[in-house]
Participant: 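I'd like to ask some things about the structure below.
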Amino acid sequence: MDSKEIRKRFLDFFERKQHEIVPSAPLVIHNDPTLMFTNAGMNQFKDYFLGNSDPSSKRIADTQKCLRVSGKHNDLEEVGLDTYHHTMFEMLGNWSFGDYFKKEAIQWAWELLTVEFGLPKDRLYASVFGGDEEDNMPLDQEALDLWKDIMPEERIVFGNKKDNFWEMGDTGPCGPCSEIHIDLRSDAEVAKIPGKDLVNNDHPQVVEIWNLVFMQFNRLANGSLQKLPAQHVDTGMGFERLAMAIQKKTSNYDTDVFTPLINFTADKAKVQYGQDEKTDIALRVISDHIRAIAFTIADGQLPSNNKAGYVIRRILRRAVRYGYTFLNFKEPFLYELLPVLAQQFDGVFPELVSQQDFVAKVIREEESSFLRTLDKGLTKLEVIKNQVENTTKVIDGKVAFELYDTYGFPFDLTSLIARENGLSVDEAAFKEEMQVQKNRSKQDAATSKGDWIEVKAIDEVVFLGYDAVKSTAQISKYREVEEKGKTLYHIVLDQTPFYAESGGQVGDTGFLADGDEKISIIDTKKENNLIIHFANQLPSNLEANFEAVVNTNKRLLTENNHSATHLLHAALRQVLGEHVQQKGSLVNEKILRFDFSHFAKMTDEEILKVERIVNAKIRENISLDEKRNVPIEEAKKLGAMALFGEKYGDFVRVITFDKAYSVELCGGTHVPATGHIGQFKIVSEGSVAAGVRRIEALTAESAEVYQLKQNEILQQVNELLNNPKDTVKAIESLVKEKQELTKMIEEINLEKGKQQKEILAQKIEKINAFNVLITEAELPNADTLKKIAFEFKNEVENLILIIAANIAGKPQIAVMFSDNLVNEHQLHAGNMVRDLAKEIQGGGGGQPFFATAGGNNLKGLSKVVTKAKELIESVTSHS
Ligand code: ATP
Ligand code: MG
C-alpha cells in the first residue's frame, strides 16, 4: 500500500464515522504568542478546546503538517541520527469536541489499525496513564478497562505523567492519554526480548505510532486541576511511522515517503544509501530537512535573522552542512529536490506545487549565501588552527562559540575539524558561552501570566469594529501579566469595537470609560481568536457598563493605508505580472509596507506606473464592497487573492474594490470608498530577502506633506539659481561649468607644483653621503606634496626628505627616505612623522619609507623643520 493510499484510507475511515474532513492548517502560526509553528494536529482547534469559539462539526479528522524544531517539542538534534523522528511530519488525527469519548476513540483506533490496515494484533501495545500522587490523580481505569476488552493484559503498560498525561501548556486543557506502540522487530528478536520491555525505551523498532488524548481537566495557574464542562478527544498518529509499519519497513526513510528524495540525493552525490553510516545520516538529514524548509516557505515564512525565520534558516544550514561535509556538495543542491517533493505532494498539499519555483529560488539563494559564510568560517578556523598548533593545541571555547554564532558552525563541526588537525576544543568554555546567551534571551522573553478571572460569562466575543468605533461593553474576563518587570492587564470584553492586530494591521488604541474614569487601552492583540485589550491599570468597578472608544484618528489613517495596500497589490500584479504575491505587510497610521515576490529591482518607470494606477483608482472613488463571514472555500471560489495564514473553519471577509480590479481575503478595516485615501506615494523600494521586494508608501496627508517637502526643496534650488526658466538646464550648465573649472585648476596646480619642485630641488643639501631636503614649503594640495615626495625619491639617491607644508592654510608634513637608508639606518618615516606632528598638534603615520601627517597649528611648521634637522643630524653626522 503506497503512502498516498494510506493517507486516503485513514481519512475515508473517519469520514465513514461521520467526521468532517478538513485541510491541514498552515505550518506557520501567526496569532499565538506561545507557538511559532504548528507542532500537533490539535493546534488549529485550540480555540474550540478553550471555549473561545465553536467548531462547525463535533467530529473532525485531517492530516496536519507539523514541525517540531523549537520550544516544547524539539526533535531537531535527533533527526537523521534516528530513523523515526522528523522535523516536518504529517500527523493524522481525529477529534471529538464534546461528542464521543474514550470508548469510541479506542475502539476505532483498534479497528483502523488491525482491520483496515491489517497490522498484526500481537505486535501492538497500549499504554495507559498510571496515576500521579502529587497531582492526586488515580490511574485511568476507564481506558484500562476498554483496552482489556481488546487485548490481553500483558500487552498493556502503565505510563507516568511525563508519557501519559498531556497538557496544552502551563495552564489550560489537559488529560490522560493512551498511546499505541508497535513492535517491528524480527520474530527471532522478539523471542529474545519481549516487546513490552522495550515500549517507551527509545528502541527504533518499538515505537509509538498513535497517541489518544482524553481532555477532561483544566490546569489553573496555581497548578490545581478543574474538571472541564465538556470532554474532548484529540488524537495524533505519525503518518510516516504508520507507513513504516504498513509497508513492513524498519525505518521511516525506507518508505515511499522518503525513498524518492533519498535516491535523488544519493545519485547526485554518487553514493549509495545503506553503505556508510555517515553518508546515510547526511542523506536522511537532507531528505527530511528539505520538507520542513519547503513547506514553511510555501506557508509564507521566509528564512531570516529572527524568530520563526531564524529557525528555518538554521534547519537549512544544518542540511547544507551535512551535504557539504559528508556528500561533498560545495554548490547549492537542496533546491534541486523541489520538483521531486512537489510531485510527491501533488493533490495533497497544493500550496507547494503552486509555489514550486518561488520556493526553489528562495532556497537556492539561502544556500549560496550560507556556503559563502561556511567558506569564510573555514578560513577563520584555519587562522586559529595556525595560532594554537604550536602552543596549547586547544581551540578556545569562545572562538568555537563565535564560529557557531556568526558562521553557523555547530560545535560538532568545529571539533571534527579540530580533531582532524590533531587539536581539541574547550567544550566546557563553549557550553558556558551558550548558557550566557541562553540566559540573555530568556531574560528578554520573561513574562508570566496569571489565570483569567471571569467577571461575566459569555459565549463568544462580539467584534463590532467593522461598523463602529464606539460601543458599550462589559468586562468578560481579565488577567494580570508580568512583562519585563512591568505589570500589565489583559482585558476581554463581551463586545468590542477595537480591532486586534492581525493581517499586518496594527491594533487599535483608545479607552474604556466609566463615568469620569477613563482607562487607556494601549494596544489590542489576538491570542488565537480571543481579542485582548492591553491596559496599564484596571477600572475601579470591573462590573460597570463601559463605553469602549477607539482612537478614531489613528484608525482612519490606518484604514487609508490598508485599503491603499490592496490597490497597490493589484497594481503590482498589473505592472509586474501575476507572479506577484503578498509575502508580508505592515499597516499603521503612519506608513504602509508591502513585501511581495518578485525577482528584480523595480525600475523607476515601473514604480511610476504603479503609483499612477493606484492614484487613478483613488480618484475613481470606488466604493468598498465587503462580504463578511464567507467560508474560506467559498471565498476562494470568488477569485479572492488568498493571503497565507487562513485555515479550515475560518470565516473570512472578502474585500473588493471593483470586481475587475482588487478582490482580497482580508480581516482588516477599510475606507468606505477609495477617495478617502486622497493620494498615494511610494517612498522606497528595496530587497528584503531572496526574491522578495519591499515597498514603503504614504497616503493621505502624509503623502501630501512628503510631496510638499519635495516641492520645497525644488523651490529652494530655484531660488539659489535665481529662478531660471528651466531648472534642469540651469543645473546641467552649472555641472558642466564646474567640470571645466576643476580641470583648469588641476592644470594650474600641476604647473605650480612643477615650479615649487624646482625651487625645492635647489634646497637639497649634500651632507656626507646623504641628500637632505628639510624645509618649509607652500603647496596647492596634498596630492602635489605626495607627488613631489615620490618624484624626488625616484630621482635622488640616499634621500632624506622632510617637507613641512602649508596647504591652503593647513599644516601638513611628508617624510620620505630612500629604501636603502631605511634598512641601513633603521629609519622609520611613520614613527618620525608622528613625532614631528606633535609640533603642529596633529597626527599621522605610514610606512617606514614614506609617511604623512596633518595638523591644526600652522605656526608649528618652523618648529617641525628645526626638530627634523635635529633628529636627522644624528644619522647624517655618523657616516
Ligand atoms: P516520541 O516519544 O516518539 O517523540 P511523542 O510522544 O513526542 O513521540 P506525540 O506528541 O504524542 O509524540 O505525537 C503523536 C504522534 O506523532 C506520535 O505517536 C508519533 O507517531 C508522531 N510523532 C511525534 N513526533 C514525531 C516526529 N518528530 N517525527 C515523526 N513523527 C512524530
Ligand atoms: Mg517527542
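Bear in mind the structure is a predicted one, so any value in this text is a computation, not a measurement. Start at 1 with the first residue, then count along the sequence. All ligand and atom numbering here is 1-based and tracks the order in the structure.
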Participant: Which residues pass the side-chain contact (heavy atoms from CB on, under 4.5 Å) test with D197, not counting sequence neighbours?
Facilitator: I193, P194
Participant: Could you tell me whether a side-chain N or O of S96 sits under 3.5 Å from a main-chain N or O of D99, the two making a donor and an acceptor?
Facilitator: yes
Participant: Look at atom 9 (P) of ligand 1 and find which of Q64, R68, M42 reaches it with the closest heavy atom.
Facilitator: R68
Participant: Got a list of side-chain donor-acceptor pairs under 3.5 Å for residues 341-352, not counting sequence neighbours?
Facilitator:
{"from": "Q344", "atom 1": "NE2", "to": "D256", "atom 2": "O", "distance (Å)": "3.2"}
{"from": "Q344", "atom 1": "NE2", "to": "V257", "atom 2": "O", "distance (Å)": "2.8"}
{"from": "E351", "atom 1": "OE2", "to": "K65", "atom 2": "NZ", "distance (Å)": "2.4"}

Participant: Does I209 offer a backbone N or O that forms a donor-acceptor pair with the side chain of R241 under 3.5 Å?
Facilitator: no
Participant: Does the N94 side chain pair with the main chain of A61, one donor and one acceptor, at a distance under 3.5 Å?
Facilitator: no
Participant: Taking atom 14 (C) of ligand 1 as the point of reference, which of A40, G41, C177, G236 owns the nearest heavy atom?
Facilitator: G236
Participant: For N252, is at least one N or O under 3.5 Å away from an N or O on ligand 1?
Facilitator: no
Participant: Is it the case that the ring center of F89 lies less than 6.0 angstrom away from the ring center of F239?
Facilitator: no
Participant: Numbering the atoms of ligand 1 from 1, which are under 4.0 Å from a heavy atom of M91?
Facilitator: 13 (O), 14 (C), 16 (O)
Participant: Would you find a donor on one side and an acceptor on the other, under 3.5 Å apart, between the side chain of H203 and the backbone of N201?
Facilitator: no
Participant: Would you say G238 and ligand 1 have an N/O pair spaced under 3.5 Å apart?
Facilitator: yes
Participant: Taking N or O atoms only and a 3.5 Å limit, does H73 qualify as a polar contact for ligand 1?
Facilitator: no
Participant: Using a 4.0 Å heavy-atom cut-off, say whether I209 meets ligand 1 through its side chain, its backbone, both or neither.
Facilitator: backbone
Participant: Does R318 come within less than 4.0 Å of D288, counting only side-chain N to carboxylate O?
Facilitator: no
Participant: Does W210 approach ligand 1 within less than 4.0 angstrom via side chain, backbone, both or neither, non-hydrogen atoms only?
Facilitator: backbone
Participant: Does ligand 1 have a heavy atom under 4.0 Å from the side chain of H86, from its backbone, from both, or from neither?
Facilitator: both
Participant: Between R241 and ligand 1, is there a nitrogen or oxygen pair with a distance under 3.5 Å?
Facilitator: yes
Participant: Does Y84 reach ligand 1, in the sense of a heavy atom lying below 4.0 Å from it?
Facilitator: yes
Participant: In ligand 1, which numbered atoms sit nearer than 4.0 Å to a non-hydrogen atom of N211?
Facilitator: 11 (O)
Participant: Using a 4.0 Å heavy-atom cut-off, say whether E78 meets ligand 1 through its side chain, its backbone, both or neither.
Facilitator: neither
Participant: Hey, what's the ring geometry for F214 with F101, parallel, tilted or perpendicular (30° and 60° as the breaks)?
Facilitator: perpendicular
Participant: Below the 3.5 angstrom mark, is there an N/O of D75, backbone or side chain, next to an N/O of ligand 1?
Facilitator: yes
